[in-house]
Student: 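Pasting in a structure now, in structure tokens, and then I'll have a few things to ask.
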Amino acid sequence: MRPTAIDTPFFEPRHRDLAAALDAFAAREAAPHPHGSDVDAACRGWVRALGQAGFLAHCVPAAHGGVSASVESRALCVAREVLAWHDGLADFAFAMQGLGSGAITLAGSEAQRARWLPAVARGEAIAAFALSEPHAGSDAAALSTAAHREGGGWVLDGEKTWISNGGIADVYCVFARTGEAPGARGISAFVVPADTAGLVVAERIDVIAPHPLARLVFRDCRLPADALLGRAGEGFKLAMRTLDIFRASVAAAALGFARRALAASVERAHGRRMFGGTLGDLDLTVAALGDLATAIDAAALLTARAAWKRDNGDASTRTTREAAMAKLAATEVAQRAADRAVQLHGGDGVRAGSVPERLYREVRALRIYEGATEVQRLIVGRQTLAAAVPPTGDPA
Ligand code: COS
């Protein structure tokens with residue numbers, strides 16, 4: 001497959017080369033992993049293979065084993081669209097290496113970066129991002145896992161849930177309340193190796209598109225002073241900056257699923273005979289596919305814009321709004337595309353193991369994780385309101 005917007009000016013020849021290399025790699029490596037199979041082993045296998053082939057190097061900066069000086073959003077997007085088209089677990093394995101290590105890339109000390117990033121890039125260490133809690137999902141600033149200073153280090157207590165790579169990760173970036181101020185300004189980030197005493201994988205969580213996922217408990221979990229990631233009290237902003245990068249890439253993964261669903265629908269429309277013609281002869285089918293193709297292209301352009309703007313900005317460039325729009329549009333159209341593929345396949349669309357059935361399960365979580373659709377609407381809506389009525393009273 002070729003990423004939807006790859007031939008627009010947002011992308012460069014090296015992105016087209018990356019897409020072609022990954023497409024060949026994924027076509028070779030993709031294998032079915034039915035519900036009940038060993039998802040940990042499959043995920044580890046993808047991490048190892050992606051690392052050995054050099055693709056995970058796109059998840060970290062060049063100074064620590066990566067490809068570009070700073071992690072390039074367009075490369076992440078290209079990789080995720082291609083991988084998702086082939087295999088949701090391959091996309092997951094790739095993306096979580098980036099998300100899990102993203103806060104270390106953005107704010108880690110030289111020692112933290114040197115310890116973890118090259119190993120993440122080689123696929124020798126698995127990383128995880130631990131923000132969500134049982135009572136703090138969309139309202140991330142309400143998190144209650146706490147860290148306090150003691151004996152020159154930190155003690156972490158609390159619970160995290162829905163942690164991707166939970167149970168197989170070697171390192172977790174954990175966000176905890178440190179109390180410098182109420183709310184978002186009183187949160188800090190920590191690098192917590194998986195073998196730290198007091199960190200327990202309390203529950204493995206099974207979901208409709210299985211991947212390693214867990215609830216973690218921290219009980220009297222003692223960390224050295226240098227486990228602090230970035231500055232104390234700036235953990236919430238660090239989490240948001242990390243999500244700004246990866247939300248656009250979730251959009252790209254959604255495009256991969258959407259394109260695969262559209263391809264399956266087109267194949268079905270051509271091949272399914274009915275009413276003396278084919279399914280594709282029916283105006284209802286034509287219109288539905290037209291709507292989907294348009295919405296997919298629109299989402300692809302939003303995604304490319306978000307990634308391009310970040311890659312072409314400086315450290316102060318915020319792409320929160322663009323990334324939110326991209327994630328919102330792409331994940332919603334992916335859901336519609338998967339649903340349409342199921343509908344056009346009729347009974348075959350709900351047969352366990354069929355492409356539409358797999359896509360239908362795979363796309364659902366994308367509208368929830370890394371900021372639910374409602375959070376993206378909130379972000380875009382708030383910024384729209386702020387822009388329309390500037391506090392100075394000047395025209396927008
Ligand atoms: N980059 C840098 N700073 C950011 C930021 C960003 N993208 N987003 C917010 N901030 C800053 C704000 O500027 C503000 O700073 P000041 O206190 O200095 O003004 C601070 O962070 C708090 O921001 P805000 O008031 O907007 O926070 P809210 O509590 O209202 O939360 C949402 C905003 C809902 C957008 C946020 O909680 C969110 O993204 N929730 C979803 C979390 C999520 O994605 N979870 C999934 C985890 S991975 S599966």
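Remember, it's 1-based here, ligands and their atoms both numbered in the order they're listed.
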Student: Nearest non-hydrogen contact with atom 23 (O) of ligand 1 belongs to which option: Phe129, Phe246, Phe175, Phe236?
Tutor: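 The residue whose heavy atom sits nearest atom 23 (O) of ligand 1 is Phe236.
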
Student: Among Ser138, Ser164, Ala184, Ala140, whose heavy atom sits nearest atom 41 (C) of ligand 1?
Tutor: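 Closest candidate by heavy-atom distance is Ser138.
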
Student: Mark yes when over 12 heavy atoms from residues, nucleotides or ligands other than Gln343 sit less than 6.0 Å from its CD; otherwise mark no.
Tutor: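 No, because the 6.0 Å sphere around CD of Gln343 holds 12 heavy atoms or fewer from other groups.
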
Student: Do ligand 1 and Arg247 have nitrogen or oxygen atoms that lie under 3.5 Å from each other?
Tutor: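 By distance alone, the answer is yes.
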
Student: Which ring pair (Phe, Tyr, Trp, His ring centres under 6.0 Å) pairs, counting each pair once, include a residue from residues 122-175, with sequence neighbours left out?
Tutor: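 Checked against ring pair (Phe, Tyr, Trp, His ring centres under 6.0 Å) - neighbours excluded - the pairs reaching residues 122-175 are Phe129-Phe175, Trp154-Phe190.
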
Student: Under 4.0 Å and counting heavy atoms only, is there anything from the protein next to atom 12 (C) of ligand 1?
Tutor: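 Within 4.0 Å: no protein heavy atom nearby.
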
Student: Flag Tyr369 as yes when one of its N or O atoms lies below 3.5 Å from any N or O atom of ligand 1, and as no otherwise.
Tutor: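 Looking only at distances, the answer is no, because the N/O contact criterion of under 3.5 Å is not met.
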
Student: Against heavy atoms of Arg185, which atoms of ligand 1 measure under 4.0 Å?
Tutor: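 Answer, ordered by atom number: 16 (P), 17 (O), 18 (O), 19 (O).
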
Student: Without swapping roles, check the side chain of Glu322 against the backbone of Arg305 for a donor-acceptor pair under 3.5 Å.
Tutor: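 Not confirmed, Glu322 side chain does not pair with Arg305 backbone.
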
Student: Looking at ligand 1, is there an atom of it that comes within less than 4.0 Å of some heavy atom belonging to Gly137?
Tutor: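 Yes.
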
Student: For ligand 1, indicate whether the residue Leu243 contacts it via side chain, backbone, both or neither (heavy-atom separation under 4.0 Å).
Tutor: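 Contact part for Leu243 vs ligand 1: side chain (C-beta onward).
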
Student: Could you tell me, atom by atom, which parts of ligand 1 come under 4.0 Å of a heavy atom of Ala141?
Tutor: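 Result: 29 (O).
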
Student: Sort and list the pairs that fulfil ring pair (Phe, Tyr, Trp, His ring centres under 6.0 Å) and have at least one residue in residues 60-119, not counting sequence neighbours.
Tutor: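 Sorted result for residues 60-119: Phe92-His211.
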
Student: Taking distance alone, with N or O pairs closer than 3.5 Å, would you say Arg382 contacts ligand 1?
Tutor: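 By distance alone, the answer is yes.
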
Student: Establish whether atom 25 (O) of ligand 1 and some protein heavy atom are separated by less than 4.0 angstrom.
Tutor: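 Given the 4.0 Å limit, the answer for atom 25 (O) of ligand 1 is no, no protein heavy atom qualifies.
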
